[in-house]
Undergrad: 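Can you read through this structure? Questions will come right after.
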Amino acid sequence: MKARAIQYVVLVGVAAVFLGPLYWLISTTVKQPTEIYQWPPSWWPDHFTWENFKLAWEAAPFDRFFLNSTITTVLGTLLKVTNAVLTAYAFAYLRFPFKKVLFFGVLGAMMVPGHVTLLPNYLTVATLGWINTYAGLIIPGIGSAFATFLMRQHFLTLPTEVTDAAAVDGAGHLRTLWRVVLPMSRPMLVTVVVITAVEEWNNFVWPLIVTNSASMRTLPIGLLILKTEEGVASWGTIMAGTLMMLAPMLVIFLIAQRYIVGGLTQGALKG
Amino acid sequence: MTALDLPVRTHPDERVLAGDADNHRRRRRRREYGLFALLVAPNLIVIAVFAYWPIIYNAFLSLTDWNMIAARPTFVGLANYTRTLSDPAFHKTLWITIVFTGLIVVGSLVIGLALAFLFNLPLKGRGAVRTMAFAPHVLSGAAVATIWAFMFDPGYGLLRALIEPLGAEPPDWMNSSDWALPGLVIVYLWKNVGFAALIYLAGLQGLPKDLDEAAAIDGANTWTRFWAIKLPLLAPITFFLLITTVIGTFQAFDVIAVMTGGGPGDATTTLSWSIYNEGFKAFNAGRAATLSIIMFVILLVVTTVQARVMERRVHYR
């Protein structure tokens, strides 16, 4: 009984450690400056105010950051997942000489750490004339190795009778993919889409180096700019900007949590 | 020899038909090859250009001196490597990277495993707490760093309210060369232990129960069962987490960029920060490429070791 009580105390403590900073963030955004800069701190806002959000929205072109983040995330995810699905289908169902070697070529890309490719990719993108463009933001990231691997492994578990039957019915490969294989892979597809979208939305270093004007910056870079410009004198404004950036991901996380968890654990336990 | 092996006389018409079928099959195969190429080409091209080519390009650039403005790089041979490898600043960078990575790896594994055991107990609300612990993993590093910059604020940050009651003076975390690195480690742990906990939890729930029960009946206490049974069975998962954490932490960038910018001085200049610094602030392409190749080689060794060990596990199981 006593052990159980201690376990509950620890559980509550753990919850506090992870919720604390988020509570601190949210409560700060609705506090007035005098309340943010007081000591000891106030745990509950005295007078609710939306002023911080207004200030943040005016301090930097957040509407533009939102737009850019949305465009890169939606297009980037769409193209990357399409790549993953098409490649996985080809490797799972079609014949081709040296298919095994090619597949190792795809998987080998996972061995190349992204950070190592920054400088050459920047130079390549500059040669293509893509600096400070959506193409430059999106295209270098749409090659897919891990998602291709996950999708292919999943396709191989599907009963072959189904795809064979589709072929006998005279359905072409693309039709089979769209009508039979994809509907049977919906949970895996959702997992891949959500994980990719989260990555694209949070992407930091590549947008930082490939864009150079406020009109092309994405939210994470916008946040860096906001924090640098506002300094420690306007935590209310900075926290409001942070919450605006976090909110969409928090919502998606709460809705799609089991898909994210499923995908990540699968990668670990199969590896 | 059986009758089946004997050549069969065929009617001329049938031979034509057989040739037709052959042609048909060949045409179908060619169509299949074409479709395969069409489906994989976009992905393979992007992978070739933006994942493999950079390695070759880096190797080339690392043999040159180039400010990225001059028309073409000047070939300098191995000068970048000899200079970098004998540079005390590089030694410090490497040391900081190793300390930073080591602390995060050990912290993630130990705390992650402890949390996994906690979440595996039959407690009410454990699912909700597991979600809370995992949430920071999917949040943007830039946003998490900004929140923690405020948490660490020596004047009005939440941590001051936790440290002062203990009778200690809160440090000026991010402006102190002693505290900036531990501060970053705290932020990365907060962001990533939930992931380690989740993977460990999946592992714990997949452990065979009979062994543990047998040991319990034989009188082994909880502690012994943990060290002698559970931990060894979880070794593959520990190994997976070890490798992925090392690879991830070596490339840690967003939190460092937002919180310290490699400073104060060079107190938090890791290998990943110095690649960015040399390439995109000092515009020294040769030096940045050299550091990139060094990072690539280090991580390649790490992943190769992983592949080897995994292979052995599969073969001898």
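In what follows, chains carry the letters A, B, and so on, assigned in the order in which the sequence lines appear, proteins first and then strands, with residues in each chain numbered from 1.
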Undergrad: Is the number of heavy atoms from other residues, nucleotides or ligands under 6.0 Å of Arg4(A) CZ greater than 12?
TA: yes
Undergrad: Could you look at Leu139(B) and say if it's the side chain, the backbone, both or neither that has a heavy atom under 4.5 Å from chain A?
TA: both
Undergrad: Are a donor atom and an acceptor atom from the side chains of Ser144(A) and Thr148(A) found within less than 3.5 Å of each other?
TA: yes
Undergrad: Tyr93(A) and Thr176(A): side-chain donor and acceptor closer than 3.5 Å?
TA: no
Undergrad: Is Ile195(A) close to chain B through its backbone or its side chain, or both, or neither, when contacts mean heavy atoms under 4.5 Å?
TA: neither
Undergrad: Measure distances from Tyr33(B) to the heavy atoms of chain A and classify the residue's part below 4.5 Å as side chain, backbone, both or neither.
TA: both
Undergrad: May I ask you to check whether Phe150(B) and Tyr156(B) place their ring centres under 6.0 Å from each other?
TA: no
Undergrad: Can you say whether Thr82(A) sits under 4.5 Å from chain B via the side chain, the backbone, both, or neither, judging by heavy atoms?
TA: neither
Undergrad: Tell me, do Tyr276(B) and Ile209(A) make a side-chain contact under 4.5 Å, heavy atoms counted?
TA: yes
Undergrad: Please look at Glu164(B) and chain A and tell me whether the side chain, the backbone, both or neither of the residue comes under 4.5 angstrom of a heavy atom of that chain.
TA: side chain
Undergrad: Non-hydrogen atoms of chain B under 4.5 Å away: do they reach the side chain of Tyr37(A), the backbone, both or neither?
TA: both
Undergrad: Measure Gln38(A) against the heavy atoms of chain B and call it side chain, backbone, both or neither at under 4.5 Å.
TA: backbone
Undergrad: Under 4.5 Å from any heavy atom of chain B, what part of Pro41(A) do you find: side chain, backbone, both or neither?
TA: side chain
Undergrad: Side chain, backbone, both or neither: which part of Pro42(B) has an atom under 4.5 Å from a heavy atom of chain A?
TA: both
Undergrad: So which heavy atom on Val255(B) is nearest to which on Ala145(B), and how close?
TA: CA-CB, 3.8 Å
Undergrad: Which residue out of Thr124(A), Asn203(A), Leu79(A), Leu250(A) racks up the most heavy-atom pairs below 4.5 Å with chain B?
TA: Thr124(A)
Undergrad: Side chain, backbone, both or neither: which part of Val85(A) has a non-hydrogen atom closer than 4.5 Å to chain B?
TA: neither
Undergrad: Please classify the contact of Gln257(A) with chain B as side chain, backbone, both or neither, using a heavy-atom distance under 4.5 Å.
TA: side chain
Undergrad: Of the backbone (N, CA, C, O) and the side chain (C-beta and beyond), which part of Leu35(B) lies under 4.5 Å from a heavy atom of chain A, both, or neither?
TA: both
Undergrad: Pick one of side chain, backbone, both or neither for Phe18(A), based on which atoms fall under 4.5 Å of a heavy atom in chain B.
TA: both
Undergrad: Give, as side chain, backbone, both or neither, the part of Phe119(B) having an atom under 4.5 angstrom from any heavy atom of chain A.
TA: side chain
Undergrad: Under a 4.5 Å cutoff for heavy-atom pairs, which residue among Val116(A), Thr28(A), Leu219(A) has the most contacts with chain B?
TA: Val116(A)
Undergrad: Relative to chain B, which of Thr228(A), Leu208(A), Leu243(A) shows the most heavy atom pairs under 4.5 Å?
TA: Leu208(A)
Undergrad: Sort Leu25(A) into side chain, backbone, both or neither according to what part of it lies under 4.5 angstrom from a heavy atom of chain B.
TA: side chain
Undergrad: At a 4.5 Å cut-off on heavy atoms, which part of Leu174(A) comes close to chain B: side chain, backbone, both, or neither?
TA: side chain
Undergrad: Start with the C-alpha gap between Phe91(A) and Phe36(B), add the side-chain angles, then the distance that decides, and say whether ring pair (Phe, Tyr, Trp, His ring centres under 6.0 Å) holds.
TA: CA-CA 8 Å; Phe91(A) 277 108; Phe36(B) 181 96; 5.1 Å; yes
Undergrad: Is there a donor-acceptor contact under 3.5 Å linking the side chains of Ser272(B) and Gln251(B)?
TA: no
Undergrad: Do you know which of Ala15(A), Pro97(A), Pro21(A), Gly20(A) has the most heavy-atom pairs under 4.5 Å to chain B?
TA: Pro21(A)
Undergrad: Under the 6.0 Å and 45° cation-pi test, does Lys31(A) pair with Trp24(A)?
TA: yes
Undergrad: Can you check whether Val187(B) reaches Phe152(B) side chain to side chain, under 4.5 Å on heavy atoms?
TA: yes
Undergrad: Measure Leu158(B) against the heavy atoms of chain A and call it side chain, backbone, both or neither at under 4.5 Å.
TA: both
Undergrad: Does any part of the side chain of Glu32(B), heavy atoms only, come nearer than 4.5 Å to the side chain of Phe96(A), both counted from C-beta?
TA: no
Undergrad: Any idea how Phe195(B) and His137(B) line up, ring-wise: parallel (<30°), tilted (30 to 60°), or perpendicular (>60°)?
TA: parallel
Undergrad: So what's closer than 4.5 Å to chain A heavy atoms on Leu299(B): side chain, backbone, both or neither?
TA: side chain
Undergrad: Sort Leu271(B) into side chain, backbone, both or neither according to what part of it lies under 4.5 angstrom from a heavy atom of chain A.
TA: neither
Undergrad: If we count only N and O atoms by modelled type, under 3.5 Å, do the side chains of His173(A) and Tyr89(A) hold a donor and an acceptor together?
TA: yes
Undergrad: Below 30° counts as parallel, above 60° as perpendicular, anything between as tilted: where do the rings of Phe204(A) and Phe253(B) land?
TA: tilted
Undergrad: Is it the backbone or the side chain of Thr244(B) that comes under 4.5 Å from a heavy atom of chain A, or both, or neither?
TA: neither
Undergrad: Can you say whether Val144(B) sits under 4.5 Å from chain A via the side chain, the backbone, both, or neither, judging by heavy atoms?
TA: neither
Undergrad: Is Leu223(A) in contact with chain B via its backbone, its side chain, both, or neither, using a 4.5 Å heavy-atom distance?
TA: side chain
Undergrad: For Leu226(A) and Thr237(A), which heavy atoms make the closest approach, and how far apart are they?
TA: CD2-O, 3.9 Å
Undergrad: Check the pair Tyr200(B), Phe117(B) against ring pair (Phe, Tyr, Trp, His ring centres under 6.0 Å), reporting the backbone distance first and the verdict last.
TA: CA-CA 8 Å; Tyr200(B) 265 133; Phe117(B) 272 100; 8.4 Å; no
Undergrad: Please look at Lys99(A) and chain B and tell me whether the side chain, the backbone, both or neither of the residue comes under 4.5 angstrom of a heavy atom of that chain.
TA: side chain
Undergrad: So which part of Ala48(B) gets closer than 4.5 Å to some heavy atom of chain A, the side chain, the backbone, both or neither?
TA: neither
Undergrad: Name the region of Phe280(B), side chain, backbone, both or neither, that has any atom closer than 4.5 Å to a heavy atom of chain A.
TA: side chain
Undergrad: To the nearest 0.5 Å, what is the distance between CD1 (Ile6(A)) and CG (Leu11(A))?
TA: 13.5 Å
Undergrad: Please classify the contact between Ile247(B) and chain A as side chain, backbone, both or neither, with a heavy-atom cut-off of under 4.5 Å.
TA: neither
Undergrad: Based on non-hydrogen pairs under 4.5 Å, which of Ile142(A), Val12(A), Ile238(A), Ile139(A) is most in contact with chain B?
TA: Ile142(A)
Undergrad: Does any part of the side chain of Trp173(B), heavy atoms only, come nearer than 4.5 Å to the side chain of Asp153(B), both counted from C-beta?
TA: no
Undergrad: For the CG atom of Leu44(B) and the OG1 atom of Thr87(A), what is their distance to the nearest 0.5 Å?
TA: 6.5 Å
Undergrad: With only heavy atoms counted, which part of Leu19(A) is less than 4.5 Å from chain B, the side chain, the backbone, both or neither?
TA: side chain
Undergrad: Go through the atoms of Met239(A) and report whether side chain, backbone, both or neither lie under 4.5 Å from a heavy atom of chain B.
TA: side chain
